[in-house]
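Data block below; observations after.
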Amino acid sequence: MEAVWSPGLDSAPLSVVTMELKLGSLVTLLLLTIISGLAPLSLFRRQGSTVTSGPQRRSLSLISCFSGGVFLSTCLLDLMPSYLSSIAGALKGLNITLQFPLQEFILAMGFFLVLVMEQVAMGYKDQAGGSEETGALLGSASLLHSGVGAPHVHVDVNAHSAVRMMALVLALALHSALEGVALGYQGARGRVMKTCLALLVHKSLIAFSLTLKLGQGRLHVRAMLACLLFYSLMCPLGMGLGMAWAGSTDPVQQLTRSVLEGLATGAFMYITFLEILPHELSAGYPQIDRVIVLLCGFSAIAAVLFIKI
């Protein structure tokens, strides 16, 4: 009997192994992201509801600078290139050539969306004469409050508004879901393994930084946990959708995802450059230490993204 080689028979086990790898990564990614996001909460609780000593305030400030570098690197090296590449591919698939800078216009719309929402919320709060923002989402006492007569540790009600915090969560969650969709599309086992490992480190760093920023925004612990869970679920959810949509190459669907990603990236730009960076560099500690730590956070995400390539 003559043996006949069939590529279809060899590719079937590989497909099963790749599917099992994706499912295992889905569960691992969810659990590790949640654990990483809970770490800042345990840090705050160990220090108690007040931060009284100078070394404690300085350490918390430097950790916050590290998270600022993480967000800056995520904005410039991850969200923006991913969005520009995605929308360029979608427009090419639809055979659309534009003279108008549509990509940049969508970014600007995401930027102004957060700005308008914040100003409307602030105007409504001023007219009502109260502080709805600190009622449902914000606590009467911050986890980072330093007590009467003592300086606050990165607590600025105007800087850390609920609108900005929610925009930050939504922007990161949408991007995380789209990253999960892209991972779900992939079929090569080696590529899936490499991307999954990079995502585990990437999402863990962002989850830690996100919870830290939410804590500085004086959100209730329940609201912080809800935001963390929402963010943690997005990448596994996107991965599941990507596996379900594998093989679909609808350019209109890709363009829709690209527009949403562009709006999220514009919103993230607003949060990064008008909220996070000014806030991290405005404290009274020596600026060189803060810049070095910020560069460390930036380099951490840059290294992870280099591994993903």
Can you tell if the side chain of [X] reaches within under 4.5 Å of the side chain of [Y], non-hydrogen atoms only?
X      : Y      : answer
Gln254 : Leu94  : no
Leu178 : Arg257 : yes
Leu168 : Phe71  : yes
Leu38  : Leu225 : yes
Val169 : Leu214 : yes

If only side-chain N and O atoms count, and only distance matters, is there a donor-acceptor pair under 3.5 Å linking Ser258 with Ser86?
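Ser258 and Ser86 do have a side-chain donor-acceptor pair below 3.5 Å.
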Check against side-chain contact (heavy atoms from CB on, under 4.5 Å), Leu305 and Thr74:
CA-CA 9 Å; Leu305 294 176; Thr74 300; over 6 Å; no
Shortest non-hydrogen contact between [X] and [Y], atoms and distance:
X     : Y      : answer
Ser67 : Leu212 : OG-CD2, 3.8 Å
Val70 : Ile206 : CG1-CG1, 4.1 Å
Pro81 : Leu76  : CD-O, 3.3 Å

Find out if a path of hydrophobic residues (ILVMFWY) with successive side-chain heavy-atom gaps under 4.5 Å connects [X] to [Y].
X      : Y      : answer
Leu260 : Leu237 : no
Leu172 : Phe66  : yes
Ile35  : Met224 : no
Met166 : Leu174 : no

Measuring from [X]:[atom1] to [Y]:[atom2], what's the distance to the nearest 0.5 Å?
X      : Y      : atom1 : atom2 : value
His175 : Leu79  : NE2   : CG    : 4.0 Å
Leu210 : Met165 : CG    : CE    : 8.5 Å
Ile87  : Leu91  : CD1   : CG    : 5.0 Å
Thr211 : Tyr231 : OG1   : OH    : 9.5 Å
Ile301 : Asp78  : CD1   : CG    : 8.0 Å
Cys235 : His202 : SG    : NE2   : 10.0 Å

Is there a donor-acceptor pair closer than 3.5 Å between any side-chain N or O of Thr265 and the backbone N or O of Glu261?
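Yes; judged by distance alone, with no hydrogens or angles, the pair exists.
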Quick check against the 3.5 Å criterion: does Ser73 have a side-chain atom that pairs as donor or acceptor with the backbone of Phe298?
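Yes.
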Atom pairs and distances, donor-acceptor, side-chain atoms in residues 266-273, under 3.5 Å, two or more places apart:
from: Tyr270; atom 1: OH; to: Glu118; atom 2: OE1; distance (Å): 2.6
from: Tyr270; atom 1: OH; to: Arg164; atom 2: NH2; distance (Å): 3.4
from: Thr272; atom 1: OG1; to: Phe268; atom 2: O; distance (Å): 2.8

Could you list all the side-chain hydrogen bond (donor to acceptor under 3.5 Å, both in side chains) pairs where at least one residue sits in residues 96-106, not counting sequence neighbours?
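Qualifying pairs, neighbours excluded: none.
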Applying the side-chain contact (heavy atoms from CB on, under 4.5 Å) criterion to Ser232, which one of Thr33, Leu32, Leu29 satisfies it?
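Only one of Thr33, Leu32, Leu29 forms a side-chain contact (heavy atoms from CB on, under 4.5 Å) with Ser232, namely Thr33.
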